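Only a predicted model underlies this, so the values are computations on that prediction, with no experimental measurement involved. FYI, side chains are in, hydrogens and waters are out, and symmetry mates aren't considered; it's all heavy atoms of this structure.
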Amino acid sequence: MHWVKISCILCLFGCFKDFRPSESFITDYLTGWKNFTASEVNHEIYPVTTYSYLSTLILVFLITDFIRYKPIIILCGLSGSITFLLIILGKIVLILQIAKFFFGLFMSAEVAYYTYIYAKVDKKHYQEVTSHTKAASLFGRSISGVVAQLTASFDLLNYHQLNYLTLSAIGTATVWSLFLPPVGQSIYFHRVDVSNNEEISSTTVQPTIDQLQQLSNSQKSCDKNSKMKPNTLLHKIKNAYALLWKHFVLAYTNYRVIKWSAWWALSTCGYLLVATYSQLLWQTAVKPGDRIYNGAVDFAYAIVGAISVFSVGKIRFNWVRFGDIICSVFAFLEGSILLASSYSYNIWLLYAGYIIFGVIYHTMVTVASFEVAKCISEDSHGLIFGVNIFLALLMQSLLTLIVVNTIMLDIRQQFYVYGGYFMVLAVIYIVLSIINVLRYRRDMNHIQRRMR
């Protein structure tokens, strides 16, 4: 079957792309082998990735659909290769900052990898191929952790040589991406027109009157554009952005989409901060001469996360009624883990906290993604994915600017702030859960009065 072939090619690309064993020890490599100080890594090198990711995501997201995905997937591989080549060769802060800029581009270009399937594969296979690609990425990450730990523990490869292994894997992913079938029809710019009624019927949740009015106004805009020559570039651009706006309005005027998208964006912001700076925190708890187990932690985190993500998709649970409560509980748990980590000097507690934190994040962001998917048109999955990630990066960049580059907090103070961030998130969703319970009781009382 054609979709199976595409799925296999995508999975192999994702597996090689996320096979980056050098990342398990990147902080120790930069502060040890490269002789950068922890302060330089914390305040000058790592923040570049955050700012690069944010700035390049906007451009990449806008042009991905226009140039039909495949070139951006190839760019993803190329930018990753440049990143690790510069890390291998770089000896000064500026070169490492350039490397981190390309790593931000590498991460933003992943949007093409995750949205290619929506333009190339039939809608009935969306769920299957999405699960395949996510599983492939987690598999690549878990194998990466195993290889990193075994080679480091048995002195088979040093931290510098692990970068060559990473570079080879990403280079292989880049070559492999050339075999992806080109996209003839995309979602927005190179689209086979469908009727307004067909698009409404593809939305799982019934549109409200306000949404229908917005849809009608957007359709009028499309109709005006259609008077132009149908194959002109200007016509395609105007119709594409009219459809983008229509999908955006339909999604973000739905309360459930707003609520779960907020969780998606805010929790992703916190996760990216923790994932970026965790190794710097671990360094403060490792005694000289102790063996470190970062690779084993990455393996455990990826495997447990994969099992959790797979399981949550099979569990039947009333997320509409109890989702806010679960979000608040998990946000409180994540905040507690980070606050405890900011004080603890026990490396095993820090490792365990990181694994639990990561598993919670991936589980709940999976819930957020499928709860959002229930309320939007299938064609707008890529758009909502991009918008939510952009909001997460905007918040992450703001926090990085304040906490890391302006106030210049040390790594333990940073984690204290990140813990407080999740505590605030927990309070927000406790309030939402109370509102949800009161609304449910009001509706039940109204139903009981009508039955009398």
Side-chain angles (χ1 to χ4, degrees), residues 5-24 26 48-49 52-90 95-121 129-130 132-145 147-148 161-183 186 272 275 298 302 382 385-386 389 393:
K5 174 185 173 183
I6 295 173
S7 178
C8 289
I9 296 175
L10 277 175
C11 287
L12 283 170
F13 175 84
C15 186
F16 283 118
K17 171 182 68 68
D18 283 308
F19 181 79
R20 304 193 294 268
S22 60
E23 284 199 337
S24 295
I26 186 64
V48 174
T49 299
S52 171
Y53 193 179
L54 174 66
S55 58
T56 56
L57 178 68
I58 303 170
L59 179 62
V60 167
F61 182 76
L62 290 176
I63 67 173
T64 292
D65 191 85
F66 182 70
I67 62 177
R68 309 186 196 198
Y69 301 88
K70 184 175 177 178
I72 301 297
I73 295 177
I74 296 172
L75 174 65
C76 178
L78 289 174
S79 56
S81 299
I82 293 171
T83 296
F84 288 95
L85 182 62
L86 290 175
I87 288 175
I88 291 170
L89 300 176
I95 299 300
L96 268 296
Q97 287 176 329
I98 294 172
K100 288 299 179 178
F101 168 82
F102 277 101
F103 191 65
L105 178 60
F106 166 79
M107 294 174 71
S108 64
E110 285 182 324
V111 71
Y113 170 71
Y114 289 112
T115 56
Y116 171 93
I117 54 175
Y118 303 127
K120 190 64 181 175
V121 177
V129 182
T130 301
H132 293 170
T133 52
K134 287 186 177 181
S137 293
L138 284 170
F139 178 75
R141 187 177 297 181
S142 64
I143 296 301
S144 171
V147 171
Q161 291 167 334
L162 281 175
N163 283 289
Y164 289 101
L165 205 57
T166 301
L167 181 61
S168 300
I170 296 182
T172 302
T174 306
V175 174
W176 191 254
S177 67
L178 300 174
F179 295 96
L180 279 172
V183 174
S186 61
L272 291 173
D298 286 339
F385 172 87
I389 292 297
L393 292 174

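- The closest side-chain heavy-atom distance from Q97 to F101 is not below 4.5 Å.
- Without hydrogens or angle criteria, K70 side chain to L180 main chain gives a donor-acceptor distance under 3.5 Å.
- Once rounded to the nearest 0.5 Å, the distance linking OG1 of T83 with CD1 of I98 reads 11.5 Å.
- A 4.5 Å side-chain heavy-atom check between F103 and I82 finds every atom pair outside the cut-off.
- Residue K100 holds its NZ atom at 13.5 Å from CG of L105, rounded to the nearest 0.5 Å.
- Heavy atoms only, all atoms of each residue included: C11 and A136 are closest at O-CB, 3.3 Å.
- Considering only heavy atoms from C-beta on, I72 comes within 4.5 Å of I67 through its side chain.
- Scanning both residues, V60 and A109, for their nearest heavy atoms gives CG1-CA, 4.0 Å.
- Y69 places no side-chain N or O within donor-acceptor distance of the main-chain N or O of T64, the cut-off being under 3.5 Å.
- Across all non-hydrogen atoms, the minimal contact from A173 to F13 is O-CD1, 3.1 Å.
- Between E110 and D18, some side-chain heavy-atom pair lies under the 4.5 Å cut-off.
- One distance of note links OH of Y116 with OG of S177; it measures 10.5 Å at 0.5 Å rounding.
- Between the side chain of T174 and the backbone N or O of I74 there is no donor-acceptor pair closer than 3.5 Å.
- Side chain of S144 to main chain of F19: no donor-acceptor pair is present (N/O by atom type, distance under 3.5 Å, no hydrogens or angles).
- Ring geometry, F179 versus W176: the interplanar angle falls from 30° to 60°, so the pair is classed tilted.
- Taking the side chain as every heavy atom from C-beta outward, I87 and T166 never approach each other to under 4.5 Å.
- The neighbour count for Y53 OH, taken as heavy atoms of other residues, nucleotides or ligands under 6.0 Å away, is above 12.
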L393/L57 under side chain to side chain contact (heavy atoms under 4.5 Å, CB included): CA gap, chis, key distance, verdict: CA-CA 9 Å; L393 292 174; L57 178 68; 3.6 Å; yes

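- I88 is listed as a side-chain neighbour of Y164, based on a closest heavy-atom distance under 4.5 Å.
- R20 CZ to D298 CG: the interatomic distance, rounded to the nearest 0.5 Å, is 10.5 Å.
- Looking at S52, its side chain never comes within 3.5 Å of a backbone N or O of V48 through a donor-acceptor pair.
- Note that OH of Y113 and SG of C76 are 9.5 Å apart. Values are rounded to the nearest 0.5 Å.
- Taking 4.5 Å as the limit, some side-chain heavy atom of L167 sits within range of a side-chain heavy atom of S81.
- Separating the CD1 atom in I26 from the CG atom in L162 is a distance of 10.0 Å, to the nearest 0.5 Å.
- Residues G77 and I170 share a closest heavy-atom pair of O-CG2, 3.4 Å.
- In this structure, L86 and A99 approach most closely via the heavy-atom pair CB-CB, 3.7 Å.
- In this structure, F139 and C15 approach most closely via the heavy-atom pair CD2-SG, 3.7 Å.
- A 4.5 Å side-chain heavy-atom check between L165 and V147 finds at least one atom pair inside the cut-off.
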